[in-house]
Amino acid sequence: MSRNAPSAPDTTLLAAADLPHLWLPYTQMQTAPFPVEAARTSGSRITLADGRELVDGVAAWWTACHGYSHPHIHAALVRQAEQMPHVMFGGMVHEPATRLAARLAALLPGDLERVFFTDSGSVAMEVAIKMAVQYHINRGTTGRTKILSFRGGYHGDTLGMMSICDPEEGMHSLFAGVLPEQVLADLPVDAGSMTRLETLLTERGDSIAAMVTEPLVQGAGGMLFHDPEVLRRLRGLCDRHGILLILDEIFTGFGRTGTMFACEQAGIVPDILALSKALTGGTMALAATVARRHVFEAFLSDSAGHALMHGPTFMANPLACAVANASLDLFESEPRLEQVAAISAQLAQELEPCRALPGVKDVRVLGAIGVVELETLDNPDALRRAFVERGVWIRPFRNIVYLTPAFTITPKELTRLTTAIVDVLREAA
């Protein structure tokens, strides 16, 4: 380096606002610390620009289920890039999309068989809501324009999805006067909440087009778990009141809860289901809204006005569909669900010591999800820095410290993550 070359800035003295041009998500740029810079990824490891290596405990926001840079996915991406990176999906289809749709239909329960591709989870859920409302309109039913969702739920950051997220969780509270008013209820986890929901549906059911929930785990709401029986109750209520059931499996789909899809554990079939995140193994942006046969058939008509009028520009991007097919190959050829079971057992054993620490409210595990819930978490940035110092990437939020690792993580790497949590929380107590 030249003697006169400027030295690299001391990022410990900088805030995120000092990062040129970028605006980071979920970040108060004035007070948040300067972010770490990723340079390379492999397996469950992230190499930073300064040479440090971190074990990733959140799998790129719950997407990289096979780990980073899996050679089979990489090869599929390269092949498709050489053949056809993109083509419009209006009046034209292509083999990667038709094959992926057929494979998803074969994997999903019941007659979930019509796949509408988008490019993000929020948009997949927007399409699901649009389908549900228009389903009733196309069938000549009037007045069913509301969506019922549940406290603790999160379904995305677009305006439509903000209207069905828990308004008290804080992320979207500023927009209360802008968002359409929907119907909010408690999940029917016990007799009291079940009675309240039944009463609500008796009084307002004829105005509700669809009921929406995240099956088994409300993710961004705080990794809140519920029993499969809750989903069976919801299915029964929807059937009795003529309401469509929409399941948001954007986080829970593709093995995260221990089965390929969370709804399998309840033995139910939703009317509409949304997928994203691990759909491409964390490699490309892709999402899907999948409808049952009776939902699709409500859109068939001689009238053009009965068609679903939605079409993202990058819908069914061939690159994304190719890597999603490669991801499904890996679920078929490698023991992913067995790996999830092993991760679950290890998380339960190695996070248990946290239960005895001051300030810890709960420790819970489901599939490849491990959660340490705290009484309060005042400074998540400080915890993140402490984790980076220990060579792990763990991103606490709300009042939880959690792990959602790649299914291919080694036991030694997982122990490094759980040990860091125990040590950091013990020191912070």
Side-chain angles (χ1 to χ4, degrees), residues 24-27 32-33 35-48 52-70 120-121 154 157 171 214 217-225 250-258 276-283 285 327 336 339-340 343-344 346-347 350-351 354 363-374 377 380-411 413-422 424-425:
L24 301 180
Y26 309 121
T27 300
V36 296
E37 182 180 350
R40 293 182 304 280
T41 57
S42 180
S44 288
R45 304 294 180 112
I46 302 171
T47 302
L48 302 182
R52 288 179 294 170
E53 189 175 73
L54 307 180
V55 178
D56 187 358
V58 296
W61 256 335
W62 324 335
T63 65
C65 56
H66 309 293
Y68 291 112
S69 308
H70 194 289
S120 77
Y154 170 83
D157 297 339
M171 194 182 300
E214 301 156 89
V217 186
Q218 292 176 304
M223 297 294 175
L224 307 173
F225 297 174
I250 289 162
F251 167 45
T252 58
F254 301 103
R256 181 57 64 180
T257 66
S276 190
K277 290 200 180 287
L279 175 57
T280 68
T283 303
S327 177
R336 290 292 176 263
Q339 290 169 325
V340 170
I343 289 169
S344 187
Q346 187 175 347
L347 286 173
E350 295 182 359
L351 290 178
C354 292
V363 177
R364 53 186 178 269
V365 173
L366 177 65
I369 308 168
V371 183
V372 179
E373 182 179 354
L374 307 176
L377 178 51
D381 288 331
L383 282 188
R384 290 172 198 157
R385 289 195 298 271
F387 287 131
V388 169
E389 290 170 2
R390 284 165 173 77
V392 297
W393 181 245
I394 299 172
R395 196 174 187 275
F397 72 98
R398 295 175 64 91
N399 65 327
I400 65 167
V401 180
Y402 75 96
L403 294 174
T404 52
F407 304 159
T408 53
I409 194 169
T410 68
E413 289 171 327
L414 188 55
T415 294
R416 188 168 167 184
L417 292 166
T418 56
T419 299
I421 289 177
V422 175
V424 167
L425 293 183

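Positions are given from 1 along the sequence.
- Between Gly391 and Arg416 the shortest heavy-atom distance is O-NH2, 3.3 Å.
- Atoms OG and CD, from Ser44 and Glu53 in turn, are 10.5 Å apart once rounded to the nearest 0.5 Å.
- In this structure, Pro35 and Leu24 approach most closely via the heavy-atom pair CG-CD1, 3.9 Å.
- Applying the ring-ring contact (aromatic ring centres under 6.0 Å, His included) test to Phe397 and every residue at least two apart in sequence or in another chain returns Tyr402.
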Handout entry: Verdict with supporting geometry, Ile394 and Val424, side-chain contact (heavy atoms from CB on, under 4.5 Å)
Key = CA-CA 11 Å; Ile394 299 172; Val424 167; over 6 Å; no
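- Side-chain atoms of Val392 and Thr419, non-hydrogen and from C-beta on, never get closer than 4.5 Å to each other.
- Taking the side chain as every heavy atom from C-beta outward, Ile421 and Phe387 approach each other to under 4.5 Å.
- Within the model, atoms OG1 of Thr410 and CD of Gln339 stand 11.0 Å from one another, a figure rounded to the nearest 0.5 Å.
- Heavy atoms only, all atoms of each residue included: Cys354 and Val422 are closest at SG-CG2, 3.6 Å.
- Counting heavy atoms from C-beta outward, Tyr68 and Ile46 have side chains that approach closer than 4.5 Å.
- Looking at heavy atoms from C-beta onward, Arg256 lies out of side-chain contact with Val340 at the 4.5 angstrom threshold.
- In this structure, CD in Glu389 is found 11.5 Å from CG in Leu54, a value given to the nearest 0.5 Å.
- Using a 4.5 Å heavy-atom cutoff, the side chains of Val401 and Pro396 are in contact.
- In this structure, Ile343 and Leu403 have side chains that are not in contact, with every pair of non-hydrogen atoms separated by 4.5 Å or more.
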Handout entry: Phe254 vs Lys277, side-chain contact (heavy atoms from CB on, under 4.5 Å): CA-CA, chis, key distance, verdict
Key = CA-CA 9 Å; Phe254 301 103; Lys277 290 200 180 287; over 6 Å; no
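- Taking CG of Leu377 as the reference point, atom CD1 of Ile400 lies at 9.5 Å (rounded to 0.5 Å).
- Every residue was checked against the ring-ring contact (aromatic ring centres under 6.0 Å, His included) condition with Phe407, not counting sequence neighbours, and none meets it.
- The CG atom of Leu224 lies 14.5 Å from the OH atom of Tyr154; values are rounded to the nearest 0.5 Å.
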Handout entry: From CA spacing to verdict: side-chain contact (heavy atoms from CB on, under 4.5 Å), Thr257, Phe225
Key = CA-CA 10 Å; Thr257 66; Phe225 297 174; over 6 Å; no
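- Judged by distance alone, with hydrogens and angles left aside, the side-chain atoms of Thr27 form a donor-acceptor pair with the main-chain N or O of Pro25 at under 3.5 Å.
- Looking only at side-chain heavy atoms (C-beta outward), Arg336 and Cys65 stay at 4.5 Å or farther from each other.
- When atom types are taken as modelled, the side chain of Asn399 and the backbone of Leu374 share a donor-acceptor pair closer than 3.5 angstrom.
- Between Ala64 and Ala406 the shortest heavy-atom distance is O-CB, 3.2 Å.
- Of all heavy-atom pairs spanning Gly222 and Arg364, the tightest one is O-NH2, 3.1 Å.
- If you take CG on Leu48 and CZ on Arg40, they are separated by 9.5 Å, rounding to the nearest 0.5 Å.
- Of all heavy-atom pairs between Ala59 and Pro405, the closest is CB-C, 3.9 Å.
- Remark: Glu350 pairs with Gln346, Thr415, Thr418 by the side-chain hydrogen bond (donor to acceptor under 3.5 Å, both in side chains) rule, at least two apart or across chains.
- Side-chain contact check for Arg52 versus Val388: some heavy-atom pair is nearer than 4.5 Å.
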Practice task
Take Glu413 and Arg45, measure what side-chain contact (heavy atoms from CB on, under 4.5 Å) needs, and give me the verdict at the end.
Solution key: CA-CA 9 Å; Glu413 289 171 327; Arg45 304 294 180 112; 2.7 Å; yes
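- Ser276 places no side-chain N or O within 3.5 Å of a backbone atom of Ser120 that could act as its donor or acceptor partner.
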